[in-house]
Amino acid sequence: MGSFLDSINLAFLIASAVKIVFFAFMVILPMVAYSVYLERRISAIIQDRVGPNRTGIPLTLLGFKKDSHIFGIGGLVQPLADGLKFLLKEDFTPAHVNKFYYWLAPAIVMVPALLTAAVIPFGSELDLSWLTKIGVDGAWLHKPIKLVIADLNVGPLFTFAIASLGVYGIVLAGWSSNSKYSFLGGVRSSSQMISYEIALGLSIVPVLMIFGDLNLSKITEYQDANGWLLFPAWGKGAPWENGWHFGRWALLVPVFISFIIFTVSMFAETNRAPFDLPECETELVAGYHTEYSSMKFALFFMGEYAAMIIGSGLAVTLFLGGWSIPFAPWLGLDYKAGATPAWLGLAHIACFLAKVVCFIVFFIWVRWTLPRFRYDLLMKLGWLVFFELALANVILTAALLMYFKI
Amino acid sequence: MPAPLFYFFSLLMLIFGALVVICRNPVASALSLVVSFVGLAALFISLDAYFIGTIQILVYAGAVMVLFLFIIMLLDIRAEAGRKPNMLAVVGGIALAVIFLVQLGSVLSKNEMGNKTVADVPINYQTAAQVQKLDTIKADLQNSTLPDAKLVGQTLFNRYPFQIQLIGCLLLVGTVGVVLLSKREVN
C-alpha cells in the first residue's frame, strides 16, 4: 500500500480535480442554466414577445410591480428561480413504472454528457509562476498547467464513445416508464441517435486526415499557428505566407462539407429542433420523459443542454480553432509552448467560451426558425444523403491531399 | 495504473459478467454486459491502449449493445423471466469453467512474466523513433508519447493489407444479404 501511495502524483491529482471542478461545475453547469434563459429570451425576440424579463432579487415583492430592479437586470436570475422550482416540485413516481431503471435513466443521460467535457481543451495553458511574488511557493508552480482535463491521444473518439452511452438513458427512460408515448419517444430517439452517430463519426474523418492527429490540444495548437480549419488566413494556411500554395484553400471544399454534416448530425444527436422528433409534442406528449417530474425531468433537460454545449465545444475545437484568437501570430497573441503569459492564458479561455456561446446562439436560432422534420425524411436524410456524402468526402479529401502533397 | 484500480475494474468486469448469466430479466442481462464492456475498456486503457479501449466502448457498448437492447424491448421478451434454470446446463457450465481455471492456473504458475511490471521494461522511445519511417509517428515517439491509434493503423495497413480487403469483402457480402432479406417484395 505504501508503494501505491508513493506512485500517486499529488500535484497532478490536485490540478486535475481543480480543472474538473472549474470546467464541469463552474463553467458548463452555469452555462446550461443560462442557455435555457438565452433560449427563452431569443425565442421571445424571434416571435416578437417579451420573454422572462422580470425575475430579479428580491424574488417577490408580494404583488407589487417589478418594473425596476437593482439586481437582476432583465430577468437574469430566472435560471435560479427555475432551479428552485425544480427542487421544490413534487417528485412523483407513477405506480406502473419499473422503479430501478426509472431512477437510473436520468443519471445515465446527464453523466456521459458531462464526462465528454474531459477531452475538450478549454484554454491553452495557465502560467502560475506569478504566485511566487505573493508568497506562495512550490515546484508545481513553475510548470504551466495545460487547460484540458485529460490530454488523450484519442480525443474525438473518446467524446463519441462516451456520448454514445447516453442513448441508454433515453432507451431506459422510454422503456421503464411503461407508457406508450414514452416508449415510442425512446425508440425514435435511439434509432435517430444510432443513425446519425455514423454520419457524425465519418464527417470528422477528413478533418483528422488533414491534421494527421487525434489529440485535440495538438489540433488546436496547429490551428493557432497555421489558421483555423474553416478560416485559413495566416501561417501555413495563407497562400501569401506560403509561396502562393493554394492547397489549404482547396481543402476548404471538403472541410465545409464536413462542417455541415457535423453540425446537422450534432442537432440530431442532441435531439434539438428541427430534429426533436423524440419529444414531438403534437404526437408524443413529451416523448421519453413524459412520466418524469421535478428534478428527474430537469436532469433530462440539463443533459440535453450539456450535450449541446459539449457538441458546440467540439465543433469549435475541430473547425474554428478552439481557444485560438483570430490572426493571433500577427497580433502577437499566439500560443508559445511553455512561455504563454498568464493574461494570455485567460484570454484564450475567454475566446473559447465566446466562440461556444456564439455556437449555442446559432443552435437556438435554428430551433426557433425551422419547422420540425417528418420522421421518415429524417432517417432518409441520415442514411441516404449524409452517410454517402461523408464517405465521398473522405475520398475527395484524400485525392486533394495527394494532389497538393500536403 | 495503480494496482487498486486494476483490481476494481477486474472485479467490476467479472461481477457484471456473472450477472449477465445470472439475471433472469433480459434487459438487466444486456445492461450488465454493457458495464462489463466498460470495465474491459478501462483495463485496455490501463495498458496504454487508449485506442482499443475507446473503440471497445464506441463499438460494443455504444452500438452493438444498444441494438441488442432495442430488440429485447421491441420484442418484449419475457419468456426467460419465469423459467427455471436447466440444472444440467448449470452443472456443465460450472464444470467447464473450473476445468478452464485449472488449466489457466497451471500455465500461469510456470510463467515467469507475471513477476515483471511495466516499470521493469520501459518503452525505448528514441530507438523506436529512429526506425520509424512515418513523420507524424516519429515526432510523437521523439516526444516520448505513444501514438497508439497511428501505430494500429500503420500495422493494419502495412502488414495485413490482404486481410483488411478480405474483411471488407465479407462485410459487403453481409450488408448485401441484409438488404436482400429485409427488402419487401413489391408485387
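Sequence lines set the chain letters: A, B, ... in the order given, protein chains first and strands last, and positions in each chain run from 1.
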*Kindly give the heavy-atom pair with the smallest separation between Leu31(B) and Tyr101(A), and that separation in Å.*
CD1-CE2, 3.5 Å
*Could you walk me through whether Val27(B) and Leu172(A) pass side-chain contact (heavy atoms from CB on, under 4.5 Å), step by step?*
CA-CA 9 Å; Val27(B) 173; Leu172(A) 281 182; 4.3 Å; yes
*Which atoms form the tightest heavy-atom contact between Ile57(B) and Ala161(A), and what is the distance?*
CG2-O, 3.8 Å
_Met193(A) vs Val66(B), side-chain contact (heavy atoms from CB on, under 4.5 Å): CA-CA, chis, key distance, verdict_ = CA-CA 10 Å; Met193(A) 282 167 97; Val66(B) 173; over 6 Å; no
_Can you tell me how far apart CG (Leu67(B)) and CD1 (Ile194(A)) are? Round to the nearest 0.5 Å._
4.5 Å
*Side chain, backbone, both or neither: which part of Phe183(A) has an atom under 4.5 Å from a heavy atom of chain B?*
side chain
*Minimum heavy-atom distance Leu214(A)-Ala149(B), with the two atoms named*: CD1-CB, 3.5 Å
*Which heavy atom in Gly62(B) sits nearest to a heavy atom in Ser164(A), and how many Å separate them?*
CA-OG, 3.3 Å
_Please classify the contact between Val59(B) and chain A as side chain, backbone, both or neither, with a heavy-atom cut-off of under 4.5 Å._
neither
*Leu58(B) side, atom CG; Thr159(A) side, atom OG1 - distance, nearest 0.5 Å*: 10.5 Å
*Could you tell me the separation between the CZ atom of Phe158(A) and the CD1 atom of Ile45(B), rounded to the nearest 0.5 Å?*
7.0 Å
*Contact origin within Phe70(B) toward chain A - heavy atom pairs under 4.5 Å*: side chain
*Taking everything shown except Leu108(B) itself, do over 12 heavy atoms lie less than 6.0 Å from its CG?*
yes
*If only atom types and distance count, is the side chain of Tyr168(A) paired as donor or acceptor with the main-chain N or O of Val34(B) below 3.5 Å?*
no
*Which atoms of Ala41(B) come close to chain A, meaning under 4.5 Å heavy atom to heavy atom: side chain ones, backbone ones, both, or neither?*
neither
*Gln103(B) CD: over 12 foreign heavy atoms closer than 6.0 Å*: no
*Please look at Val167(A) and chain B and tell me whether the side chain, the backbone, both or neither of the residue comes under 4.5 angstrom of a heavy atom of that chain.*
side chain
*Determine the minimum heavy-atom distance between Tyr50(B) and Leu152(A), stating which atoms define it.*
CE2-CD2, 3.5 Å
*Heavy-atom neighbours of Tyr60(B) OH exceed 12 at 6.0 Å*: no
*For atom OH of Tyr375(A), is the number of surrounding heavy atoms from other residues, nucleotides or ligands below 6.0 Å larger than 12?*
yes
*Of all of Ile55(B), Val38(B), Thr54(B), which one pairs up most often with chain A through heavy atoms under 4.5 Å apart?*
Thr54(B)
